[in-house]
Amino acid sequence: MLYLQTFQLPAAQVRRAHLPSQLAAHEWHLGDTATALRTTVRDLVLHIEKAGFG
């Protein structure tokens, strides 16, 4: 018997995956990425470090 099970990632894991994809979309330019995310470069760097990418 086959069945599908849907898995939902925790919000923290979704956010952690979102940062690298946004950085890649903006060619790893912190200023452009911060602008796209409506934040400052400083806050973006803090988010990156908090996510464990620091």
Side-chain angles (χ1 to χ4, degrees):
M1 185 165 137
L2 295 173
Y3 69 96
L4 292 175
Q5 185 173 2
T6 303
F7 294 97
Q8 185 171 357
L9 295 173
Q13 197 169 4
V14 171
R15 284 191 303 272
R16 190 170 194 268
H18 186 250
L19 285 172
S21 67
Q22 287 299 303
L23 283 162
H26 295 94
E27 299 181 4
W28 298 91
H29 188 273
L30 293 178
D32 291 347
T33 305
T35 300
L37 295 174
R38 297 180 183 176
T39 189
T40 64
V41 172
R42 183 174 187 266
D43 285 343
L44 176 60
V45 170
L46 289 174
H47 287 297
I48 292 168
E49 289 176 348
K50 187 176 178 182
F53 295 118

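Across every non-hydrogen atom of L44 and A34, the tightest pair is CD2-N, 3.8 Å. Shortest non-hydrogen contact noted between H18 and L37 is CE1-CD2, 3.6 Å.
L46 and V41 fall into different hydrophobic clusters, where Ile, Leu, Val, Met, Phe, Trp and Tyr are joined by side-chain heavy atoms under 4.5 Å apart, directly or via other members.
In this structure the side chain of H47 never reaches within 4.5 angstrom of the side chain of F53, judged on heavy atoms. Using a 4.5 Å heavy-atom threshold, the side chains of T35 and H26 count as separate.
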Derivation and outcome, side chain to side chain contact (heavy atoms under 4.5 Å, CB included), residues L30 and L23 | CA-CA 7 Å; L30 293 178; L23 283 162; 3.8 Å; yes
